[in-house]
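Each chain gets a letter, A, B and so on, in the order its sequence line appears, and its residues count up from 1. Because only heavy atoms are used, hydrogens play no part in the values below, and waters and symmetry mates are left out as well, while side chains stay in.
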Protein chains: 2
Amino acid sequence: MSEDDRPRQSVGIAEVAALAGVSTATVSRALSNPEKLRAPTLARVADAVRRTGYTPNVAARSLRGRRTMVVLVVVPDIGNPFFADVLQGIDDELSRHGYGLLIGNLARVRAKEAEILEIVQAGQVDGVILLNGRVPEDRGRTLTELGIPLVAICEAIPGAAFPQVEVRNREAAQAAVQHLVSLGHRRIAYLAGPDGNILERDRRAGFCAGLAHAGIAVSAASFLAGDFSFRAGTDAAAAFLAMADRPTALFAANDEMAIGFLKAVRDAGLRIPGDVSIVGFDGIAFADYVDPVLTTFRQPRHALGVTGAGLLVKVMNGTPVAPEEACQRLPVELLVRASSGPPRGGRQPP
Amino acid sequence: MSEDDRPRQSVGIAEVAALAGVSTATVSRALSNPEKLRAPTLARVADAVRRTGYTPNVAARSLRGRRTMVVLVVVPDIGNPFFADVLQGIDDELSRHGYGLLIGNLARVRAKEAEILEIVQAGQVDGVILLNGRVPEDRGRTLTELGIPLVAICEAIPGAAFPQVEVRNREAAQAAVQHLVSLGHRRIAYLAGPDGNILERDRRAGFCAGLAHAGIAVSAASFLAGDFSFRAGTDAAAAFLAMADRPTALFAANDEMAIGFLKAVRDAGLRIPGDVSIVGFDGIAFADYVDPVLTTFRQPRHALGVTGAGLLVKVMNGTPVAPEEACQRLPVELLVRASSGPPRGGRQPP
DNA sequence: CTGAAAGCGCTTACAG
DNA sequence: CTGAAAGCGCTTACAG
């Protein structure tokens, strides 16, 4: 049957083979398994490839080779700069192994999980890295059922059977409380992340553990609702300012909220850290440029990406993953800056 | 010849065809050109597709159909949240037309342009959107030679023969100067972007035009070097503070630098806007949370993405693009906030 | 170490 | 409106 007449790919493997005086099989091997060829043959092919400017067609290679050399990264919100460094780490490690990277942005829309399933079902990728804290699903079907190599990073998925890499959220949150207590604070508020989020759960648990450890009744602490956004921080500030017996310190479950809160209470005339100390979480770039500079925890973002990608490569290659590797928890670093300090002695000025 | 024994795709088009009692051609048509089928046939196929959970293999479809339904977006730096909204706009428009999106992050590394060329040469995408202000090239070969549909947005590429969408950088920068002049400023500094960058060139030109328009000698203005980073802002602040006859206002070529500058001069004890007014460019989210809130220009980021993607779809479809569409320049909006105000009358305090 | 040939899973021009 | 069959451009098990 005749074919359509759209322009075809400029150079095909056949042309390279003809120019080099070898079969297409040999050209293919020269590109994928050069060690299987004799040096002179390899050289002739390499020369022909260079002269023709040949690049193998990706679709054909994927179809025939049954692997795409592409990994899907599921991100809850590409707009959050936090993920940029993680993605960079993933990309660095993946490209070392010859893999490309497809970004699936959920944009915080649950319905987009169906698209993730489709991409995988369509055979578009060899593995998936989840940064979104849950296994995507669509009408009862879940990603795990599809039998594709999987890894979760940043936001852990409790009980999952695949490798995971996260940071010590609980320990860090506890350390935040310890830091504030050591400065003399006893009335400490917690500005929460969205309900059900694993980071929120772990950081809240660490916060409570920190209080308990310091002999402070959790019932005496204030819990402010939030959702990780700047806006949640300013909203929480309004609630905070209206409180009768205001805490002298606040630990926010992330930096955006800490910054929103900081801005709003400062605008209201409170001094930081005199009237209220603030501690955030994440160590986003912006935290260095607020006034006062935010005390926070620096996450090993790049390392999270590299580690997670490395694990996925192992799974995709069928390399066994040691149990201690399969559930890693990286440390975070407390950066003590100007936003936290001793509470003003005695009462607050009118 | 026998094949390898890796697990194959769960459901193929043949199974669906068998279940529906039609040929594979009909299944294919049902999915791509449903209007060519009779309703009952379509219904039978649709039912079979649903029951089998069939999703067409992307590699096979691309190989045979000679189109991938994927667009490559070349981003200079994925870590810059500015691009997140633009990408969202692109994605919104592209997905309306059935296209997926592959992100090529240059990470400000020139050598990565070679990867862009490879992706295109490998037939991996049907079109390219450039956000990086130049046509990627590698050892003499440029992307334009590859004959792939192309569009540039955000950062224009002068003299290019493909459609472009940018904002009125020159006019906006001029308006920034007008704003400052109207407040009473006469000594105004410009904090520049990286050399050779088109945004830098246009904004600088607008700055100079604004001065000229106000009857201020350009030679009397101060030009501080920068590169669009927070750090460049703090570095420029050091230079600014050391100046003998300090300007009373500064226009930064982007918000990051404006914020870095703001933070550093504030730490040095200057009051804003009393001692120095500051105007940025872009309207990043963070600009709302610095103290004082930054006067800046809000870019129509989402619209930039939507417009650019829409143009690319036209080019890919062979739809003619009207000349006035082919070179669009969207307006930006000046947000007057607390970082700009009248200069303090008389001398500055010691 | 190298080649001939099958076949990955689809789409589409042709025929009916 | 639907089907039979070619073929997209590669890779790989088999044979030599």
Side-chain angles (χ1 to χ4, degrees), chain A residues 1-18 20-46 48-49 52 54-69 98 121-124 126, chain B residues 1-18 20-46 48-49 52 54-69 98 121-124 126:
Chain A
M1 312 272 161
S2 83
E3 281 302 301
D4 52 73
D5 55 356
R6 259 175 281 166
R8 53 201 57 237
Q9 194 169 26
S10 43
V11 206
I13 196 170
E15 286 171 65
V16 181
V22 298
S23 70
T24 60
T26 298
V27 175
S28 180
R29 287 189 193 102
L31 265 25
S32 308
N33 300 86
E35 72 283 1
K36 292 193 171 178
L37 263 42
R38 284 190 319 154
T41 316
L42 189 56
R44 285 224 309 289
V45 175
V49 167
T52 53
Y54 170 68
T55 307
N57 179 287
V58 166
R61 179 174 263 189
S62 299
L63 178 57
R64 181 53 239 230
R66 270 101 165 283
R67 47 194 297 193
T68 63
M69 297 307 286
Q121 285 213 111
Q124 226 170 141
D126 295 339
Chain B
M1 311 269 162
S2 82
E3 282 300 301
D4 52 72
D5 55 356
R6 258 175 283 166
R8 55 200 58 237
Q9 193 169 24
S10 42
V11 206
I13 196 171
E15 286 171 66
V16 181
V22 298
S23 71
T24 59
T26 298
V27 175
S28 180
R29 288 191 192 101
L31 266 25
S32 308
N33 300 86
E35 73 283 2
K36 293 193 171 179
L37 264 44
R38 285 191 318 157
T41 316
L42 189 56
R44 285 224 309 288
V45 175
V49 166
T52 53
Y54 170 68
T55 307
N57 178 287
V58 167
R61 178 173 264 188
S62 300
L63 179 57
R64 182 52 240 236
R66 269 100 163 283
R67 49 194 297 191
T68 63
M69 298 305 289
Q121 286 215 109
Q124 227 170 139
D126 295 338

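- In this structure, A:Asn57 CG and B:Gln121 CD are separated by 11.5 Å, a value rounded to the nearest 0.5 Å.
- The P atoms of D:dA13 and D:dG9 are separated by 23 Å, rounded to the nearest whole Å.
- Nucleotides C:dT2 and C:dA6 are separated by 23 Å at their P atoms, to the nearest Å.
- Between B:Asn33 and B:Glu35, the closest side-chain pair of non-hydrogen atoms falls below 4.5 Å.
- The interatomic distance linking B:Leu42 (CG) with D:dC1 (C1') rounds to 12 Å, in whole Å.
- The nearest whole Å value for the distance from the CG atom in A:Leu31 to the P atom in D:dT12 is 12 Å.
- Between the CZ atom of B:Arg44 and the P atom of D:dT2 there is a distance of 8 Å, given to the nearest Å.
- When distances are taken from the side chain of A:Ala25 to each of D:dT12, C:dG9, C:dT2, the shortest belongs to D:dT12.
- When the P atom of D:dG9 is taken as reference, atom CZ of A:Arg29 falls 21 Å away, rounded to whole Å.
- For B:Arg38, a side-chain nitrogen or oxygen approaches OP1 or OP2 of D:dT2 to under 4.0 Å.
- Nearest nucleotide to the side chain of B:Arg64, out of D:dG3, D:dT12, C:dT11: C:dT11.
- For A:Thr26, taking side-chain heavy atoms from C-beta onward, the closest of the listed nucleotides C:dG3, D:dT11, C:dT12 is C:dG3.
- Nearest to the side chain of A:Leu63, among C:dC10, C:dC8, D:dC10, sits C:dC8.
- Taking the side chain of B:Leu37 as heavy atoms from C-beta on, and the options C:dG9, D:dT2, D:dC10, the nearest nucleotide is D:dT2.
- Of all the heavy atoms in A:Val58 and B:Gln124, the pair that sits closest is CG2-NE2, 3.5 Å.
- Atom CG of B:Asn33 and atom C1' of D:dT2 are 13 Å apart (whole Å).
- Nearest nucleotide to the A:Ser23 side chain, out of C:dT11, C:dA6, C:dG3: C:dG3.
- Nearest nucleotide to the B:Ser32 side chain, out of C:dC1, C:dT11, C:dC14: C:dT11.
- If you take CG of B:Asn57 and P of C:dG7, they are 18 Å apart, rounded to a whole angstrom.
- Between the CG atom of B:Leu31 and the CZ atom of B:Arg61 there is a distance of 6.0 Å, given to the nearest 0.5 Å.
- Between the P atom of C:dT12 and the NZ atom of B:Lys36 lies a distance of 8 Å, rounded to the nearest Å.
- In this entry the distance linking CZ of A:Arg61 with P of D:dC8 reads 19 Å, nearest Å.
- In the set D:dG9, D:dT11, D:dA5, D:dA5 carries the atom at the smallest distance from any side-chain atom of B:Thr24.
- Base pairing annotation: C:dA13 forms no Watson-Crick or G-U wobble pair, as no partner gives both donor-acceptor distances under 3.5 Å.
- When all heavy atoms of A:Thr68 and A:Gly123 are compared, the pair lying nearest together is CG2-O, 3.1 Å.
- Comparing C:dA4, D:dT11, C:dC14 against the side chain of A:Ile13 picks out D:dT11 as the nearest.
- The nucleotide whose nearest atom lies closest to any side-chain atom of A:Arg66 is, among C:dG9, D:dG3, C:dT11, C:dG9.
- Here A:Arg64 contributes atom CZ and B:Leu63 contributes atom CG; the two are 12.5 Å apart, rounded to the nearest 0.5 Å.
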